[in-house]
Engineer: 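Mind looking over this structure? Questions follow.
Position 1 is the first residue of the sequence; numbering continues from there.
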Amino acid sequence: MSEEESEYKITQLLVPEEMAQYISKGGPLSKQSENFEERKSQIELLKNITDAFNKNQITAFEAGTGVGKSFAYLIPSMVWALSNDEKVVISTGTINLQQQLSEKDVPLAEKILGKKVKAILLKGRQNFICLRRLQDVSAERDLFNTELDSLDRIVEWSKKTKTGSRSELTLDFTESLWSRICSESDACMGMRCPFREHCFIMRAREEAESCNILIVNHHLLFADIEARMYGAGYEDTAVLPAYKRIVFDEAHGIESAATSFFSESVNRFKILKQLNLLYRQRKSSIAGYIFTLQAISETPDNTENISAAVSEIKNTILNLEIAALDLLHDNFTMKLDRMTQVSFSPVISLLLTLGNSIMSFTGCVRSIMEGIDEEYQKEGAYWETKSILHHLEDTANACKNFSVWEEKPETVFWIQKQRLSVESDQENPYYVVFTQTPLDISKMMNAGVYEPMSSVINTSATLQIQNTFDYFLKRTGISFAEPERIKTAVFNSPFPYDKNVLLAVPDDIPFPQSLEFQGAVNMAVVKLIKAAKGRTLVLFTSYESMKATFLATKSYIYDMGIELMKQGDDDRFRLLDKFKYDDSSVLFATDSFWQGIDVPGNSLSQVIIVKLPFTVPNDPVFSARCELIEKRGGSSFAELSIPEAIIKFRQGFGRLVRRSSDKGAVVVLDKRICTKPYGKKFFDSLPETKKIYTHLDEIVEEVSSLLNSDE
């Protein structure tokens, strides 16, 4: 194609009805699947997504469980990419969905289309081994005495792997080891690297350039958006190749993902890890990149000053953590605001001192680097130090920001006490994390995503609150877009909720604020698990409540042959695998298990929701967002608390039915859903089901009858 043809290239629009034929009765999908059933809601969703590509729209499409939204967006995305020589990015919130798309859905979609479409699952840099860093670490074997076996096995693996992806590794190794050998942008030597011909990141990027479909997670997409907003632009490769169209699956999690990505945190381990790479002292020996750099630098020996600077930083960190723990006292979190600024003063002062000390230290190191001749700048130590200084200077800026918090009204500054994962220090079992978090990501999303992109498809099973998209549109910034570009629609689940699902609320359990509530929950969970013969997911809003109920349940049903599992006892994926394949087991879980769990069939026949999932009022980010709403004259409870809780509640409810033949019960032990005016909003946001509000024992009988009627 000539430059003139390229400049005036005509967009090839798609015909929605033609796209729909691929998944309609008698079409290619029906010939690929023995159990094919035409789904009207899936066809309508596909046609609307096709239309959104044609008209450059921004959508909020709620597609209920079972609609089949993956094919509804994959088919038009793939055909559009092929027809217009464009890339379409598909961004998801969970690893499970990314793998399902890459390994199962895309290959089947290719068969449906009868065309080969190049798709790639892209991961962040830190998921890949860096051969140059691996070689450098291997040369310092004495520093890894406890992990020599893991290191040697990784070296052997690196010689055989085609992808260099961490997901291929089945052996155990520490995060500390992986952080020293994985790829990092700041430590990358680019074309100077002696391993560039074999670089796994380079291979992945080259492959991505030739692909039509890029499958990523929300975090990686936001890393790319950030790079483009701050200089890379939208026409060239940044973290990802250039693209103009995005599909957000699991779009209900966009605000949370963006908030997490654009937050900055500081803690002692983060700082000490970087310092120790540059300068570390163990007994009588000293080592680190500083000494390698000093040996090849023409700058006068500066290691004494550096040693003093490191000592100053470490002393300041120690004093800072003491002051922060003293400030927190019995609390686990505290927000910096007008009410707490006086008591925060010692912490802010020490953070400022720490930031200045770090900048003084990095200045000393940079003076050594400036004396290194260009021919020696290809040394690994030089590039590693560049990366370390970048991390340390970011940390210093984050520390200093606490002292100017009043100049950043759209950011919340807060501290959190966290328990050490190892119980080696019984006297001081906690460390402190210092965090700054954006209160509102809507303007950033509009400027970085909706304005520059041609079309953005947002889809999820839970986007509405009581039949309106207003909350989602406002929180994610879509409401800033031109009204004519925005389209919303609902595509209802084909599953027979009204026949197969019982939604029950006991009227004889105390309110959650009652001292008797926990004991009542314990007994209710025992009775309901017995009625269902296991097969239950119990969802909590509190880890302490979960532990208490787990222990109580264990003592009552130890002889029933029902395996009880608790979040935290094992890796999340192993827990879910056990739960999925043991059709009498019970899983007790909190926050992250309210969504992303797909357990069809008898293994999950009952979901118990212990409390309505309102965010705790003392959560620093949540409370700051509430204050912002109140300052604007709004109601934080109506505008934030209730909508957040409803979305999470809908996600928890959605764990039960995963295919049309599934049946079961959702039991809510929080009777506020029936007694408070806002309860109707929760009910109105769910599919139509059989509902009962009665005594617990009657609910137990109903559950037993429903789930054991076929036995």
Engineer: Does Met359 offer a backbone N or O that forms a donor-acceptor pair with the side chain of Thr362 under 3.5 Å?
Structural biologist: yes

Engineer: With sequence neighbours excluded, what pairs up with Glu370 under the salt bridge (Lys or Arg N to Asp or Glu O under 4.0 Å) test?
Structural biologist: none

Engineer: Ignoring hydrogens and angles, tell me if any N or O in the side chain of Ser260 forms a donor-acceptor pair with the backbone of Ser256 under 3.5 Å.
Structural biologist: no

Engineer: Identify whether the distance between the nearest side-chain nitrogen and carboxylate oxygen of Arg180 and Asp136 falls below 4.0 Å.
Structural biologist: no

Engineer: Please walk me through it: do Lys123 and Ser167 pass side chain to side chain donor-acceptor pair (under 3.5 Å)?
Structural biologist: CA-CA 10 Å; Lys123 303 172 185 177; Ser167 60; 2.8 Å; yes

Engineer: Going by the rule side-chain hydrogen bond (donor to acceptor under 3.5 Å, both in side chains), which residues pair with Gln595 if we only count those two or more places apart in sequence or in a different chain?
Structural biologist: His252

Engineer: Just checking, is any N or O donor in the side chain of Thr476 or Glu255 under 3.5 Å from an acceptor N or O on the other one?
Structural biologist: no

Engineer: Measure the spacing between CD1 of Ile215 and CG of Leu220 and express it to the nearest 0.5 Å.
Structural biologist: 12.5 Å

Engineer: Does Arg125 come within less than 4.0 Å of Glu184, counting only side-chain N to carboxylate O?
Structural biologist: no

Engineer: Would you say Asp373's side chain and Tyr376's backbone share a donor-acceptor pair under 3.5 angstrom?
Structural biologist: no

Engineer: With no hydrogens and no angle check, do the side chains of Thr303 and Asp301 hold a donor and an acceptor under 3.5 Å apart?
Structural biologist: yes

Engineer: Distance from Thr395 atom OG1 to Leu351 atom CG, nearest 0.5 Å?
Structural biologist: 11.5 Å

Engineer: Between Lys335 and Trp414, is NZ or CZ placed under 6.0 angstrom from the six-membered ring centre and within 45° of the ring axis?
Structural biologist: no

Engineer: Between Arg203 and Gly164 (side chain of the first, backbone of the second, donor and acceptor by atom type, cut-off under 3.5 Å), is there such a pair?
Structural biologist: no

Engineer: Do Ser357 and Glu312 have a side chain donor and acceptor closer than 3.5 Å?
Structural biologist: yes

Engineer: Test the Lys417-Phe332 pair against the cation-pi criterion, namely NZ or CZ under 6.0 angstrom from the six-membered ring centroid and within 45° of the ring axis.
Structural biologist: yes

Engineer: Does the Lys NZ or Arg CZ of Lys87 fall within the cation-pi geometry relative to Tyr243 - under 6.0 Å from the ring centre and within 45° of the axis?
Structural biologist: no

Engineer: Under 3.5 Å, side chain of Trp178 to main-chain N/O of Gln126, donor-acceptor pair present?
Structural biologist: yes

Engineer: For a side-chain contact (heavy atoms from CB on, under 4.5 Å) check, start with the C-alpha distance between Met369 and Leu389, then their side-chain angles and the critical distance, and finish with the verdict.
Structural biologist: CA-CA 11 Å; Met369 296 178 74; Leu389 294 182; 3.6 Å; yes

Engineer: Roughly how far, to the nearest 0.5 Å, is the CE atom of Met546 from the OG1 atom of Thr590?
Structural biologist: 5.5 Å

Engineer: Write down the atom of Arg132, the atom of Trp383, and the distance for their closest heavy-atom approach.
Structural biologist: NH2-CB, 4.1 Å

Engineer: Would you check if there is a donor-acceptor pair between the side chains of Ser176 and Thr174 at a distance under 3.5 Å?
Structural biologist: no

Engineer: Testing the 3.5 Å rule here: is there a donor-acceptor pair between the side chains of Glu209 and Thr237?
Structural biologist: yes

Engineer: Taking atom types as modelled and ignoring hydrogens, do the side chains of Arg625 and Thr615 form a donor-acceptor contact shorter than 3.5 angstrom?
Structural biologist: no

Engineer: Determine whether the side chains of Thr316 and Asn319 contain a donor N or O and an acceptor N or O closer than 3.5 Å.
Structural biologist: no

Engineer: Would the Phe248 and His218 ring centres measure less than 6.0 Å apart?
Structural biologist: yes

Engineer: Is the closest side-chain donor-acceptor distance between Glu451 and Asn446 under 3.5 Å?
Structural biologist: yes

Engineer: Please determine if Glu168 and Lys160 form a salt bridge, counting it only when a charged side-chain N lies under 4.0 Å from a carboxylate O.
Structural biologist: no

Engineer: Looking at Cys130, is its backbone amide N or carbonyl O close enough to the side chain of Arg133 to form a donor-acceptor pair, meaning the two atoms are under 3.5 Å apart?
Structural biologist: no

Engineer: Just by modelled atom types, is the Gln341 backbone N or O under 3.5 Å from a matching donor or acceptor in the Ser345 side chain?
Structural biologist: yes

Engineer: Taking all atoms of both residues into account, what is the closest heavy-atom pair of Phe261 and His219, and its distance?
Structural biologist: CD1-CE1, 3.3 Å

Engineer: Could I get the full list of salt bridge (Lys or Arg N to Asp or Glu O under 4.0 Å) partners for Glu175, not counting sequence neighbours?
Structural biologist: Arg166

Engineer: Start with the C-alpha gap between Thr541 and Trp594, add the side-chain angles, then the distance that decides, and say whether side-chain contact (heavy atoms from CB on, under 4.5 Å) holds.
Structural biologist: CA-CA 10 Å; Thr541 58; Trp594 284 70; 4.1 Å; yes

Engineer: Go through the structure and list residues passing salt bridge (Lys or Arg N to Asp or Glu O under 4.0 Å) with Asp570, not counting sequence neighbours.
Structural biologist: Arg574, Lys578

Engineer: Could you tell me which non-hydrogen atom of Ala381 sits nearest to which non-hydrogen atom of Tyr289, and how far apart they are?
Structural biologist: CB-CD2, 3.7 Å

Engineer: Side chain of Asn127, backbone of Gly124: donor and acceptor closer than 3.5 Å?
Structural biologist: yes

Engineer: Quick one: salt bridge (Lys or Arg N to Asp or Glu O under 4.0 Å) pairs with a partner in residues 399-409, sequence neighbours left out?
Structural biologist: Arg338-Glu406

Engineer: Check whether the side chains of Gln418 and Gln416 place a donor and an acceptor atom closer than 3.5 Å, and report yes or no.
Structural biologist: yes

Engineer: In Å, rounded to the nearest 0.5 Å, how long is the span from OG of Ser311 to CD1 of Ile306?
Structural biologist: 12.0 Å

Engineer: Using the ring-ring contact (aromatic ring centres under 6.0 Å, His included) criterion, which residues pair with Phe434? Sequence neighbours excluded.
Structural biologist: none

Engineer: Is it true that a side-chain atom of Asp440 and a backbone atom of Ser442 form a donor plus acceptor pair closer than 3.5 Å?
Structural biologist: yes

Engineer: Show your reasoning for whether side-chain contact (heavy atoms from CB on, under 4.5 Å) applies to Asp337 and Val412.
Structural biologist: CA-CA 8 Å; Asp337 56 24; Val412 57; over 6 Å; no

Engineer: Can you measure from CD1 (Ile225) to CZ (Phe222) and round to the nearest 0.5 angstrom?
Structural biologist: 7.5 Å

Engineer: Taking it one step at a time, do Glu250 and Thr94 satisfy side chain to side chain donor-acceptor pair (under 3.5 Å)?
Structural biologist: CA-CA 8 Å; Glu250 299 176 324; Thr94 62; 3.2 Å; yes

Engineer: Under 3.5 Å, is there a donor-acceptor pair linking the side chains of Thr435 and Ser265?
Structural biologist: yes

Engineer: Determine whether the aromatic ring centres of residues Phe269 and Tyr431 are separated by less than 6.0 angstrom.
Structural biologist: yes

Engineer: Go through the steps to decide whether Glu156 and Arg153 satisfy the test salt bridge (charged side-chain N to carboxylate O under 4.0 Å, His left out), and finish with yes or no.
Structural biologist: CA-CA 5 Å; Glu156 287 306 307; Arg153 290 171 69 185; over 6 Å; no

Engineer: Cut-off 3.5 Å, side chains only: do Asn397 and Asp394 have a donor facing an acceptor?
Structural biologist: no

Engineer: Could you walk me through whether Met565 and Phe550 pass the side-chain contact (heavy atoms from CB on, under 4.5 Å) check?
Structural biologist: CA-CA 8 Å; Met565 298 179 288; Phe550 177 81; 5.8 Å; no

Engineer: Are Phe402 and Phe344 close enough that their ring centers fall under 6.0 Å?
Structural biologist: no

Engineer: Using a 6.0 Å cut-off, check whether atom CD1 of Ile629 has over 12 heavy atoms from anything other than its own residue.
Structural biologist: yes

Engineer: Could you tell me whether the side chain of Thr299 and the main chain of Ser367 form a donor-acceptor pair under 3.5 Å?
Structural biologist: yes

Engineer: Atom CD in Gln436, atom CG in Asn401: separation rounded to 0.5 Å?
Structural biologist: 4.5 Å

Engineer: Any donor-acceptor pair under 3.5 Å linking the side-chain atoms of Tyr234 with those of Arg228?
Structural biologist: no

